[in-house]
Amino acid sequence: MSADTPRETAETTADAQSDGPNYKHTLFLPKTEFPMRAGLPKREPEWLARWEDLKIYHRLRAKEGRKPFVLHDGPPYANGHLHIGHALNKIMKDMVVRSAQMLGHDSRYVPGWDCHGLPIEWKIEEQYREKGKNKDEVPVNDLRAECRRFAEHWIDVQRDEFKRLGCIGNWEDPYLTMSFEAEAVIAEEFMKFVMNGSLYRGSKPVMWSVVEKTALAEAEVEYHDHTSHTIWVKFPVIGGNPISSSEGDLRNFGEITDANVIIWTTTPWTIPQNRAVCFHPGIAYGLYKVTEAPEENWAKVGDTYLLADKLVEEVFTAARVEGYEKLRAVTPEELEAITCAHPFRGLDGAGGEWDYDVPMFPGEHVTDDAGTGFVHTAPSHGADDYNIGVRHNLPMTHNVLEDGSFRAELPFFGGLFTFDHKGREGKANPAVIDKLAETGALIARGKLTHSYPHSWRSKAPLIFRNTPQWFVAIDKPLGDGMDEYGTTIRERALNSIDKLGAWYPKTGRNRLHAMIEQRPDWVLSRQRAWGVPLTCFVRDLGNGEAEILRDEAVNARIAEAFRTDGADAWFADGAKERFLAGRNDADDWEMVTDILDVWFDSGSTHAFTLRDRDDGVWPADVYLEGTDQHRGWFHSSMLQSCGTRGRAPYKAVVTHGFALDENGQKMSKSLGNITAPQKVIEQYGADILRLWVALSDYSVDLRIGPEILKSTADSYRRLRNTLRYMLGALGDWDQGSSVDQDHMPELERWVLHRLAVLDGEVRKGYAEYDFQGVFQKLFTFATSHLSAFYFDIRKDALYCDAGDSMRRRAALTVMDALFHRLTTWLAPILAFTMEDVWLSRYPGDDSSVHLEDFPETPSEWRDEALAAKWSSIRAARRVVNGALEIARRDKVIGASLEAAPVLYIGDPDMAEAVRSVDMAELCITSALVLAAHEPPAEAFRLDDPAIGVVFERATGTKCQRCWKVLDDVGNHAHEGVCRRCDQALAGLE
RNA sequence: AUGGAUGUAGCUCAUUGGGUAGAGCAACGGACUGAUACUCCGUGGGUAGAGGGUUCGAGUCCCUCCUUCCAAACCA
């Protein structure tokens with residue numbers, strides 16, 4: 001069938017029962033098999049299978065002469081089904097990958113998974129517990145093997161779920177942090193920190209779970225309400241240091257000499273570890289005397305206490321004091337000068353354990369919101385306490401063992417538990433409280449329910465405990481010569497952040513910068529099993545310091561062993577001998593058995609993926625993750641890379657918000673407001689999910705739910721129909737009959753202009769990751785400019801003109817240009833539907849829209865003067881439409897072809913513009929009279945008073961073929977038609 | 001608690017350096033029946049989170065407060 005033959009259909013004869021002749025079969029009506037209803041849930045899997053067969057990803061790699069573009073995938077954790085956040089993230093990545101490819105790059109995407117870590121290890125331990133197995137009796141490498149199998153299972157599940165979303169990538173060969181090669185590289189990267197001297201063993205209180213017997217990272221801690229003991233404790237003042245020029249003995253302090261500093265704490269068990277008391281120089285303190293109290297009260301009449309003024313009332317109420325007086329104010333200088341005794345000082349049976357002096361220090365962390373204004377300070381059991389201890393050289397205590405009990409030799413309290421192995425409170429608190437009461441140091445006690453740290457996994461309360469841990473010093477000059485961005489990790493990171501200059505959205509820059517500015521040294525060690533070990537050896541130097549073995553040959557043996565056997569090699573029998581072979585001091589060295597923080601694993605993906613793989617390029621063009629990754633992957637990758645490469649491993653960072661429900665609340669099982677991606681795919685199809693992403697503003701949190709998905713599907717349907725119409729119009733158009741731009745009507749040239757403008761906007765939008773902007777522009781164009789304007793006007797020419805009319809051929813030429821651009825421009829977003837559209841026009845085993853690039857769009861298509869002119873023509877058209885609407889409402893006409901309005905235009909330039917085109921054609925009326933002067937009073941107007949329309953009915957007879965109402969209908973060879981249709985019919989014979 | 005974000009029509013978003021708050025979708029009404037479970041035309045709809053301030057004039061600049069989210073398991 002040629003382009004010049006109208007398609008005959010079976011119904012035409014059945015239709016031909018009206019009065020006159022029926023010419024429907026002589027029209028070029030749209031014709032397409034493309035279904036109006038997409039049926040995405042059923043059909044998407046077919047396209048996926050097709051892409052698999054076509055090996056699309058690898059075909060694209062084979063295109064030569066393209067500049068590589070690498071989006072480096074942040075690895076999801078392999079322990080469950082995908083949720084909507086994963087879907088959002090991977091769909092956005094897919095839009096980046098596909099658009100970069102179609103913009104002309106060689107766009108590579110290697111998906112990855114994070115495999116090590118506590119969540120998986122815990123799952124396996126749970127399985128052990130269910131079987132009554134004790135995990136401590138299971139060989140480490142057996143446990144690790146089970147963890148590996150667990151991760152492998154979920155990788156397979158998630159891979160299928162990601163592919164179902166339509167994501168293109170190297171799914172057969174992803175990167176895994178647990179592959180032997182990755183484990184070897186992670187160890188090598190770690191050993192760089194060993195060799196450059198930034199790794200050190202420190203003693204630091206960390207959040208410690210006595211249940212899991214491990215230190216937890218901040219990321220592994222959650223806060224829940226917990227009821228704690230509260231105690232108010234006397235620290236007797238026993239002396240003072242000289243203040244400035246005064247004589248320097250106790251007499252200077254007068255009554256303070258006999259007073260007690262009162263502290264308040266919610267952790268009585270830390271009292272035995274007290275080494276100081278802190279106050280805030282900005283808080284007003286006073287000396288108070290108890291004047292009235294019950295007989296047996298702990299706080300006795302005559303006692304004198306140092307307290308913050310603001311908290312006096314509260315303290316005395318708690319202490320059941322009935323009367324008190326303020327003796328005088330106390331200055332910060334005085335507070336700093338005094339010295340206290342530990343409340344357990346000199347007790348019988350204590351063996352002098354607590355006979356040291358307790359100094360007073362100013363501290364910014366002290367507040368007068370609660371307590372007494374004085375903070376009891378145990379350097380081994382709190383972050384602020386630790387910092388004060390470091391600053392003032394206080395000794396660290398080691399009284400609390402890893403199971404949460406006091407060391408056996410501690411007087412009075414040895415063997416008592418803070419929390420026991422099930423996370424329940426032990427006897428340490430009551431014992432300390434009893435002892436304080438017994439010695440008269442306690443003036444009040446109570447209970448307090450407050451937000452308290454708990455283990456994210458066991459939900460057991462945590463303690464701060466002083467433990468040996470391995471740290472990376474982030475403010476130490478590395479001396480590795482990679483100093484372009486700074487000499488320390490922190491300097492390099494902060495400079496990288498600014499010199500990168502590409503943050504989408506820009507707020508991401510500030511967030512990461514603030515976090516890295518404030519963060520302490522990186523705690524790398526975890527006392528767990530499922531991970532990459534800290535591959536180093538230490539020996540104690542006797543003074544508490546540790547020496548780390550720095551031996552390139554040993555390091556090389558470790559890396560080689562990991563490459564062949566995986567990190568299990570570290571935990572295998574004979575490992576130490578294997579790695580230290582040839583060293584005659586092997587007995588001096590001890591293997592570290594801690595494993596690395598999993599953030600070090602994922603922070604090293606740039607090394608074993610971007611640097612080492614054949615398809616990798618270092619640094620990445622872009623990282624793209626949720627906002628939580630400022631604390632996570634963006635952060636750890638930055639630190640790791642600044643320590644090993646001297647700069648960030650990425651050139652740009654895109655962050656997106658979190659998916660919330662329709663009311664902006666976070667999704668949770670208890671609220672029942674979860675939108676599961678699998679459900680959306682089942683009900684609507686993955687393209688609807690992808691469209692939801694494109695319609696949302698990812699720079700803030702996104703909302704999703706039934707109503708939003710429904711409206712997303714509505715938008716989809718509208719767009720789909722516009723594309724369907726193009727397919728129908730192009731039906732069997734022959735490319736050979738195309739028309740040059742110069743010979744096209746202005747309407748067509750206006751469309752080409754719009755395309756040229758859009759071409760720039762689409763390319764810029766994709767390059768800046770502005771999917772919402774791209775889609776909105778394309779959607780508005782397709783619906784407002786094409787469907788409601790251009791297509792509507794051109795239906796007449798397309799259906800009724802002679803097949804070879806210039807006007808018709810020009811329209812189809814433009815339609816073809818539209819088709820190629822819209823399908824490719826939308827392909828990164830609606831990956832399935834655009835393939836559907838493309839294949840409908842270009843079927844074939846090797847055909848796919850995803851093998852195409854965005855078409856080159858000639859710059860000559862741009863014509864700003866024409867655009868300005870047509871903008872005023874469209875303004876005039878809106879007024880005509882308005883006038884027709886009135887006539888319609890009054891039931892004067894139905895179809896606009898029944899009208900022949902008079903259009904008044906006062907502005908001469910605008911009148912000239914309108915005169916130069918066929919305004920009746922543009923308004924889809926049978927005729928239109930232009931009057932180049934101000935409209936009469938009765939004319940219909942919109943905003944512009946110089947444009948008016950007076951409605952007139954079209955005179956003449958309705959052409960039976962094109963339905964225009966014209967005077968010449970009936971005067972031609974074919975019955976009941978106009979001149980144009982008569983000639984078109986003649987051409988068909 | 002603290003730090004970082006956020007709030008404009010029922011929904012998704014514009015409003016870039018203060019100057020009469022705009023689109024699309026939805027809703028409602030109408031037309032067409034040659035895009036037909038489509039298409040076209042039209043209508044209504046807003047205390048811009050709340051309060052205060054600066055200004056001739058504030059969604060926009062400043063302050064206070066509030067919502068929700070992230071930093072903090074399941075987390076992108």
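Convention: sequence-line order gives letters A, B, ...; per-chain numbering from 1.
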K.L.:
Indicate, with a heavy-atom threshold strictly under 4.0 Å, whether A:Q518 touches base, sugar-phosphate, or nothing.
P.N.:
nothing
K.L.:
Any base atoms under 4.0 Å from A:G626, or only sugar-phosphate, or nothing? Heavy atoms, all strands.
P.N.:
sugar-phosphate
K.L.:
Under 4.0 Å, heavy atoms only, any strand: does A:M515 hit a base, just the sugar-phosphate, or nothing?
P.N.:
sugar-phosphate
K.L.:
Mind checking what makes salt bridge (Lys or Arg N to Asp or Glu O under 4.0 Å) contact with A:R888, not counting sequence neighbours?
P.N.:
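A:E885.
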K.L.:
For residues A:Y769 and A:Y504, establish whether the separation of their ring centroids is below 6.0 Å.
P.N.:
yes
K.L.:
Using a 5.5 Å cut-off between ring centres and planes within 30 degrees, is A:F791 stacked on the base of B:A35?
P.N.:
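Base of B:A35: not stacked against A:F791.
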K.L.:
Ignoring hydrogens and geometry, is there a side-chain-to-backbone donor-acceptor pair from A:E898 to A:A895 under 3.5 Å?
P.N.:
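A pair under 3.5 Å: yes.
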K.L.:
Report which part of the nucleic acid A:K506 touches: base, sugar-phosphate, or nothing (heavy-atom distance under 4.0 Å, all strands).
P.N.:
nothing
K.L.:
Using the C1' atom in both, what is the distance from B:C75 to B:U12, to the nearest Å?
P.N.:
25 Å
K.L.:
Provide, to the nearest angstrom, the distance between the CG atom belonging to A:N89 and the P atom belonging to B:C70.
P.N.:
16 Å
K.L.:
5'-most contact on RNA chain B: A:S699 or A:S896, nearest heavy atom basis?
P.N.:
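Looking at the nearest nucleotide for each, A:S699 comes out on the 5' side.
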K.L.:
I'd like to check the side-chain contact (heavy atoms from CB on, under 4.5 Å) partners of A:N673; sequence neighbours left out, ordered by chain and number.
P.N.:
A:D661, A:Q665, A:M667, A:S668, A:L671
K.L.:
I'd like the P distance from B:U39 over to B:C25, given in whole Å.
P.N.:
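Pairwise P distance, B:C25 against B:U39, rounds to 10 Å.
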K.L.:
Could you tell me whether A:H83 contacts a base, only the sugar-phosphate backbone, or nothing, with contacts defined as non-hydrogen atoms closer than 4.0 Å?
P.N.:
base
K.L.:
Expressed as a whole number of Å, how far does the P atom of B:U60 sit from that of B:G17?
P.N.:
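Taking atom P in both B:U60 and B:G17, they lie 13 Å apart.
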K.L.:
Roughly how many Å is it from CD in A:E662 to P in B:C13, rounded to a whole number?
P.N.:
12 Å
K.L.:
How would RNA chain B look in dot-bracket form, 5' to 3', counting Watson-Crick and G-U wobble pairs with both distances under 3.5 Å and writing | for bases paired to another strand?
P.N.:
.((((.(..((((.....[..)))).(((((.......))))).....(((((..]....)))))).)))).....
K.L.:
Taking atom C1' in both B:A50 and B:A26, compute the distance separating them and give it to the nearest angstrom.
P.N.:
29 Å
K.L.:
With sequence neighbours left out, what residues match A:W264 under side-chain hydrogen bond (donor to acceptor under 3.5 Å, both in side chains)?
P.N.:
none
K.L.:
If the condition is salt bridge (Lys or Arg N to Asp or Glu O under 4.0 Å), which residues does A:R717 pass it with, not counting sequence neighbours?
P.N.:
A:D714
K.L.:
Can you tell me if the side-chain N/O atoms of A:K891 get under 4.0 Å from OP1 or OP2 in B:A31?
P.N.:
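Checking A:K891 against B:A31: at least one side-chain N or O falls below 4.0 Å of OP1 or OP2.
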K.L.:
Quick check on B:G34: is either OP1 or OP2 less than 4.0 Å from any side-chain nitrogen or oxygen of A:K24?
P.N.:
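For A:K24, the contact criterion (side-chain N or O under 4.0 Å from OP1 or OP2 of B:G34) is met.
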K.L.:
Let's go through A:T26 and A:R961 carefully: what are the C-alpha distance in whole Å and the side-chain angles of both, what is the deciding distance for side-chain hydrogen bond (donor to acceptor under 3.5 Å, both in side chains) to 0.1 Å, and is it a yes or a no?
P.N.:
CA-CA 8 Å; A:T26 70; A:R961 185 164 177 275; 2.8 Å; yes
K.L.:
Considering every strand and a 4.0 Å limit on heavy-atom distances, what is the contact class for A:A659: base, sugar-phosphate, or nothing?
P.N.:
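It contacts base atoms.
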K.L.:
Below 3.5 Å between N/O atoms, which protein atoms pair up with nucleotides 37-46 of chain B? Just atom names and distances, please.
P.N.:
residue : atom : partner : partner atom : Å
B:A37   : N1   : A:R37   : NH1          : 3.4
B:A37   : N3   : A:R37   : NH1          : 3.2
B:C38   : O3'  : A:N721  : ND2          : 3.3
B:U39   : O3'  : A:S787  : OG           : 3.1
B:C40   : OP1  : A:S787  : OG           : 2.6
B:C40   : OP1  : A:A788  : N            : 3.3
B:C40   : OP2  : A:R718  : NH1          : 3.1
B:C41   : O2'  : A:E885  : OE1          : 2.8

K.L.:
Please assess A:K764 against A:D770 for the test salt bridge (charged side-chain N to carboxylate O under 4.0 Å, His left out), listing each intermediate value before the final yes or no.
P.N.:
CA-CA 8 Å; A:K764 182 165 182 286; A:D770 179 16; over 6 Å; no
K.L.:
Which pairs with one or both residues in residues 71-88 of chain A pass side-chain hydrogen bond (donor to acceptor under 3.5 Å, both in side chains), sequence neighbours excluded?
P.N.:
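Every side-chain hydrogen bond (donor to acceptor under 3.5 Å, both in side chains) pair that includes a residue of residues 71-88 of chain A, provided the two are not neighbours, is A:H72-A:T605, A:D73-A:K90, A:D73-A:K93, A:D73-A:Y109, A:H81-A:E161, A:H83-A:H86.
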K.L.:
With ring-ring contact (aromatic ring centres under 6.0 Å, His included) as the rule and sequence neighbours excluded, what pairs involving residues 706-727 of chain A come up?
P.N.:
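Every ring-ring contact (aromatic ring centres under 6.0 Å, His included) pair that includes a residue of residues 706-727 of chain A, provided the two are not neighbours, is A:Y725-A:F791.
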K.L.:
Starting at CD1 of A:I120 and ending at C1' of B:A73, how long is that distance when rounded to a whole Å?
P.N.:
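Distance, rounded to whole Å: 14 Å.
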K.L.:
For A:K666, check salt bridge (Lys or Arg N to Asp or Glu O under 4.0 Å) against everything at least two apart and list the hits.
P.N.:
none
K.L.:
Scan A:R509 against the nucleic acid and name what it touches under 4.0 Å (heavy atoms): base, sugar-phosphate only, or nothing.
P.N.:
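It contacts nothing in the nucleic acid.
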K.L.:
Taking only residues two or more places apart in sequence or in another chain, which ones pass side-chain hydrogen bond (donor to acceptor under 3.5 Å, both in side chains) with A:W113?
P.N.:
A:Q158
K.L.:
Over how many whole Å does the gap from A:D714 atom CG to B:A27 atom P extend?
P.N.:
7 Å
K.L.:
With sequence neighbours left out, what residues match A:D796 under salt bridge (Lys or Arg N to Asp or Glu O under 4.0 Å)?
P.N.:
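Scan of A:D796 (salt bridge (Lys or Arg N to Asp or Glu O under 4.0 Å), adjacent residues dropped) gives A:R807, A:K964, A:R980.
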K.L.:
From CG of A:D890 over to C1' of B:G29, roughly how many Å is that when rounded to an integer?
P.N.:
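About 14 Å, once rounded to whole Å.
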K.L.:
Find every protein N or O atom lying less than 3.5 Å from an N or O atom of nucleotides 14-16 of chain B, and list the pairs.
P.N.:
none

K.L.:
Respond yes when some side-chain nitrogen or oxygen of A:H656 is under 4.0 Å from OP1 or OP2 of B:A76, and no when none is.
P.N.:
no
K.L.:
Across the strands shown, which category fits A:T780 at heavy-atom distances under 4.0 angstrom: base, sugar-phosphate, nothing?
P.N.:
nothing
K.L.:
Return the value, rounded to whole Å, for the distance between atom NE2 of A:H785 and atom C1' of B:G24.
P.N.:
12 Å
K.L.:
Heavy atoms only, 4.0 Å cut-off, all strands: where does A:W963 land among base, sugar-phosphate and nothing?
P.N.:
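Contact class for A:W963: base.
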K.L.:
Looking only at side-chain N and O atoms, does A:K666 come under 4.0 Å of OP1 or OP2 in B:C70?
P.N.:
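Checking A:K666 against B:C70: at least one side-chain N or O falls below 4.0 Å of OP1 or OP2.
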K.L.:
Any side-chain N or O of A:Y799 below 4.0 angstrom from OP1/OP2 of B:A35?
P.N.:
yes
K.L.:
When the nearest nucleotide of RNA chain B is assigned to A:P76 and to A:R703 on a heavy-atom basis, which residue is associated with the more 5' position?
P.N.:
A:R703
K.L.:
Measuring only the C1' atom in each nucleotide, how far is B:A71 from B:A76? A whole number of Å is fine.
P.N.:
14 Å
K.L.:
Would you call the rings of A:F634 and A:Y650 parallel, tilted or perpendicular, where under 30° means parallel and over 60° means perpendicular?
P.N.:
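Plane angle over 60°, so perpendicular.
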K.L.:
From CG of A:D73 over to P of B:A76, roughly how many Å is that when rounded to an integer?
P.N.:
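Taking CG of A:D73 and P of B:A76, I get 11 Å after rounding.
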K.L.:
Say we look at B:A27 and B:A58: how far apart would their P atoms be, to the nearest angstrom?
P.N.:
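Comparing P positions in B:A27 and B:A58 gives a spacing of 37 Å.
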K.L.:
Roughly how many Å is it from CE in A:M815 to P in B:A35, rounded to a whole number?
P.N.:
12 Å
K.L.:
What's the closest nucleotide to the A:S696 side chain, out of B:C13, B:G24, B:C70?
P.N.:
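Closest nucleotide to the A:S696 side chain: B:C13.
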K.L.:
Tell me whether the side-chain N/O atoms of A:R511 come closer than 4.0 Å to OP1 or OP2 in B:G3.
P.N.:
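A:R511 to B:G3 OP1/OP2: no side-chain N or O under 4.0 Å.
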